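Quick caveat, the model's predicted, so the values are computed rather than measured. Chain naming here is simple, since letters A, B, ... match the order of the sequence lines and numbering starts at 1 in each. Scope of the values below: all heavy atoms of this structure, side chains included, with no hydrogens, waters or symmetry mates.
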Number of protein chains: 2
Amino acid sequence: MSLTHAILGVLDARPMNGYELGQFFDSSAGWVWSAPRSQIYPTLRRMEGGGLIEAERQVRGTKLERRVYSITEAGLAELRRWVAAPPDSASRRDPVLLQALFLDMVEPDVAAKIFEHVIGEQEAVISRWEQHAQRLLDKDTPLIRERLGRRSPAEHDTIVAIKAHVFEGGAAMAKARAEWAAAGLRLVRQEQAAQKIGSPGCGADADE
Amino acid sequence: MSLTHAILGVLDARPMNGYELGQFFDSSAGWVWSAPRSQIYPTLRRMEGGGLIEAERQVRGTKLERRVYSITEAGLAELRRWVAAPPDSASRRDPVLLQALFLDMVEPDVAAKIFEHVIGEQEAVISRWEQHAQRLLDKDTPLIRERLGRRSPAEHDTIVAIKAHVFEGGAAMAKARAEWAAAGLRLVRQEQAAQKIGSPGCGADADE
DNA sequence: TACACCATGTAAGTGGTTACATGATTGA
DNA sequence: TCAATCATGTAACCACTTACATGGTGTA
């Protein structure tokens, strides 16, 4: 139940309603975890039932009600317990690796397109993660300010260093993936070249 | 529906029954994708219904029946279609990054233990992926032999190069993760040291 | 005859996605 | 008054996990 803990971690920075949480998870800040609102609202109700968070009803205008949730002592304890527990190594399935496993079944130029697609995608991901890491180091995101406001100034540098490190990690993983795809691209380009030389019967065949 | 395609990819090497597929997905070869048998059997039935695979009933002894599935022309076409299609970039949630995001909430030595745990775990993963990559390059796994048996010898080196590249990719991702965790460990160790110097009141406080 | 392995499933539950439903408030 | 945004949900579905159920076969 990672969503529960993601929500606890956000509400530890400041109280929010479901709508705001949804916006947050949609933003780049929520890149590490995300959830549609249809999952957020029921989860909040469940968490409230479990005593991890508590709601304060507010009314905008005359009728529009919103439920602003804050983390409780029990929620804080649960968050700390979960953070300190060894992460369970669930089998990480990777659809892209699975697809690449069968790339020998298609023409080299099709395989090349797949790798190029991955490279482009990952490059966008890298810059997004890195930008956010920098913003955190600069203490320049809406949430980090609020979060730091509740902590002693002596801790501030450590806190942003750890949070930024997570986003640098996301960038690092994306880089590894992009480099892997680039190597794959070189691999299929070689294959493509070998095919061109081999096919018009201009001699010098490899293994026969 | 990645499991469907994973199964198609395996059955393209040779016909198998559900039990064998289960064994395969449990083995290191199935590290890229896995599924419990409770998911495999219904999926096979669905795929048979869809005409992607066809079953041959075999009887061992007098009563024990097994259904050996082979890929059909339609299945092969679907596999090729899926392989050539651009991978959809589903938001990749990462529970470990999420957990690390809140590591500032616990004592530095607890955070250090988490990072150490990740490092140890990833190192085991790296060697497994790398070993399998090497076995593929050596054409030395049960499945790759059967797979190559159905392809022209001229293709063999390309095929194993691509498949091995996938496992090298898995290793590369795990390495990136291990390095990230190692950097995280250095980060919290620094913090730990700063805390020790700072706490007994021996002066030289940073930011005040 | 007992144990490891072969073989195929069902059922209940979780976490997440997609689509749909409803209505209030604010500002151009 | 119209559109964008605020606000909270329900329903159906999908992929996957965990637990349970059943029985045959080969061999020590």
**Item:** Nearest-Å distance for atom pair CZ/C1', residues Arg57(B) and dC6(C)
**Value:** 18 Å
**Fill in**
note: Glu65(A), atom CD; dC6(D), atom P; distance rounded to Å ~ 18 Å
**Prompt:** Out of curiosity, Ile7(A) CD1 to Leu44(A) CG, how far, rounded to the nearest 0.5 Å?
**Reply:** 4.5 Å
**Nearest-Å distance for atom pair CZ/P, residues Phe24(B) and dC6(C)** = 17 Å
**Prompt:** Tell me: CZ of Arg66(B) to P of dC5(C), nearest whole Å?
**Reply:** 17 Å
Cut-off 3.5 Å, no hydrogens considered: what does the side-chain donor-acceptor table look like for residues 167-179 of chain B, sequence neighbours left out?
from: Lys175(B); atom 1: NZ; to: Glu130(B); atom 2: OE2; distance (Å): 3.0
from: Arg177(B); atom 1: NH2; to: Asp94(B); atom 2: OD2; distance (Å): 2.4

**Asked** What string of B, S and - do you get for nucleotides 13-20 of chain D 5' to 3' if you count protein non-hydrogen atoms under 4.0 Å?
**Response** --SBBBB-
What pairs of nitrogen or oxygen atoms, one from the protein and one from nucleotides 25-28 of chain D, lie under 3.5 Å apart?
from: dT25(D); atom 1: OP1; to: Arg60(B); atom 2: O; distance (Å): 3.1
from: dT25(D); atom 1: OP1; to: Thr62(B); atom 2: N; distance (Å): 2.7
from: dT25(D); atom 1: OP1; to: Lys63(B); atom 2: N; distance (Å): 3.0

**Message:** Could you tell me if the side chain of Tyr69(A) sits less than 4.5 Å from the side chain of Glu20(A), heavy atoms only?
**Reply:** no
**Atom-to-atom span, CD of Gln23(B) to P of dA7(C) - whole angstrom** = 8 Å
**Request:** Report yes or no: do Glu191(A) and Thr158(B) form a side-chain donor-acceptor pair below 3.5 Å?
**Result:** no
**Asked** Among the nucleotides dC6(D), dG9(C), dT8(D), which one has an atom lying closest to any side-chain atom of Arg67(A)?
**Response** dT8(D)
**Prompt:** Residues in salt bridge (charged side-chain N to carboxylate O under 4.0 Å, His left out) with Asp140(B), at least two apart?
**Reply:** Arg145(B)
**Prompt:** Out of curiosity, Asp88(A) CG to His117(B) NE2, how far, rounded to the nearest 0.5 Å?
**Reply:** 9.0 Å
**Message:** Nearest whole Å is fine: how far is dG15(C) P from Arg37(A) CZ?
**Reply:** 21 Å
**Axial bend angle, the helix from dT1(C)-dA28(D) to dA28(C)-dT1(D): five-pair end segments, nearest 10°** = 10°
**Message:** Would you call the rings of Phe115(B) and Trp180(B) parallel, tilted or perpendicular, taking 30° and 60° as the class edges?
**Reply:** perpendicular
**Request:** Please identify each residue that fulfils side-chain contact (heavy atoms from CB on, under 4.5 Å) with Arg189(B), with sequence neighbours left out.
**Result:** Ala112(B), Glu116(B), Leu185(B), Gln192(B)
**Asked** OP1, OP2 of dG9(C) versus side-chain N and O of Arg45(B): anything below 4.0 Å?
**Response** yes
**Request:** For Gln58(A) and dA24(C), give me the distance from atom CD to atom C1', rounded to whole Å.
**Result:** 16 Å
**Prompt:** Taking atom P of dA11(C) as reference, at what distance in whole Å does atom OH of Tyr41(B) sit?
**Reply:** 17 Å
